[in-house]
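These notes concern the structure reproduced below.
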Amino acid sequence: DGGITQSPKYLFRKEGQNVTLSCEQNLNHDAMYWYRQDPGQGLRLIYYSQIVNDFQKGDIAEGYSVSREKKESFPLTVTSAQKNPTAFYLCASSTGTGNTGELFFGEGSRLTVL
Amino acid sequence: AQSVTQLGSHVSVSEGALVLLRCNYSSSVPPYLFWYVQYPNQGLQLLLKYTTGATLVKGINGFEAEFKKSETSFHLTKPSAHMSDAAEYFCAVSRASYDKVIFGPGTSLSVIP
């Protein structure tokens, strides 16, 4: 079945450590996104990529980094510069520019900083 | 700039009662509008969307929403609530010349037996 796979589902990190969240899709979608979800704040866009080897900052990119070396993969690194990284992270994809904006989501990764 | 507001961060209804979740948006161009549902510790799933054409759109699980341009609203309704409808609901908007989707803060729906 086609879909988006995020891993790990749960992750614990000590302060000062970088962590990388994986996102893989087999939907053949051009565009991929990372959102952060905090209670009562909806989803906030971290980074997005509409094509391989290109990506743009979203609304809250500080302290995060991404890469898009393959169409199927869009990993997110939460760096030690992110001051409040504990959150639920959601990866999504869409068919890309010109589509109606419908997003397909993974199951999410919950990061807890100890 | 686009934005989305959802009136009521938490809504409770009795099983069998009408569900009404409110969404208002602002957009400088004709919008595409969406409702997504999220169950605990899961990703979001599309309930329904409005792009063009008929302003009353029907979605999955008996939900529907009506696009009212004059009121800049896209409220979600379901005639009869079921226990399985308990979840978080997000309204979202994007521009016709799409580049990113903007989400509202969400409404948590509780269904009382």
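To find a chain, count down the sequence lines: A is the first, B the second, and so on, and within it residues start at 1.
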**chain B interface, residue from Gln6(A), Gln56(A), Glu107(A) that has the most non-hydrogen pairs under 4.5 Å** = Glu107(A)
**Prompt:** Between Gln37(A), Arg44(A), Lys9(A), which shows the greatest number of heavy-atom pairs under 4.5 Å with chain B?
**Reply:** Gln37(A)
**Message:** Tell me whether the count of non-hydrogen atoms from other residues, nucleotides or ligands lying under 6.0 Å of CD1 in Ile112(B) goes above 12.
**Reply:** yes
**Asked** Just wondering, do Leu43(A) and Tyr36(B) contact through their side chains at under 4.5 Å, heavy atoms?
**Response** no
**Prompt:** Are Leu109(B) and Trp35(B) connected in the hydrophobic side-chain network, where two residues link if heavy atoms are under 4.5 Å apart?
**Reply:** yes
**Message:** Using heavy-atom distances under 4.5 Å, tell me whether Glu88(B) contacts chain A through its side chain, its backbone, both, or neither.
**Reply:** neither
**Asked** If we only count heavy atoms from C-beta on, is the Phe88(A) to Gln42(B) side-chain gap below 4.5 Å?
**Response** no
**Fill in**
Here the gap from Leu90(A) atom CG to Phe103(B) atom CZ, rounded to the nearest 0.5 Å, amounts to 9.0 Å
**Request:** Go through the atoms of Tyr89(A) and report whether side chain, backbone, both or neither lie under 4.5 Å from a heavy atom of chain B.
**Result:** neither
**Asked** Applying the 4.5 Å side-chain criterion to the ILVMFWY set and letting contacts propagate, would Leu21(A) and Phe105(A) be lumped into a single cluster?
**Response** no
**Message:** Counting only heavy atoms from other residues, nucleotides and ligands, does the tally under 6.0 Å from CG of Leu27(A) exceed 12?
**Reply:** yes
**Prompt:** Are Leu48(B) and Val11(B) connected in the hydrophobic side-chain network, where two residues link if heavy atoms are under 4.5 Å apart?
**Reply:** yes
**Request:** Spell out, yes or no, whether Leu44(B) and Tyr89(B) are grouped together once hydrophobic residues are joined by side-chain heavy atoms under 4.5 Å, including indirect joins.
**Result:** no
**Structural part of Leu46(B) lying under 4.5 Å from a heavy atom of chain A** = side chain
**Asked** Judged by atom type as modelled, is there a donor-acceptor pair below 3.5 Å linking the side chain of Tyr33(A) to the main-chain atoms of Val101(B)?
**Response** no
**Prompt:** Do Val4(B) and Leu45(A) share a hydrophobic cluster, counting only Ile, Leu, Val, Met, Phe, Trp and Tyr and linking them when any side-chain heavy atoms are less than 4.5 Å apart?
**Reply:** no
**Fill in**
Okay, Asp38(A) and chain B: the region with an atom under 4.5 Å from a heavy atom over there is neither
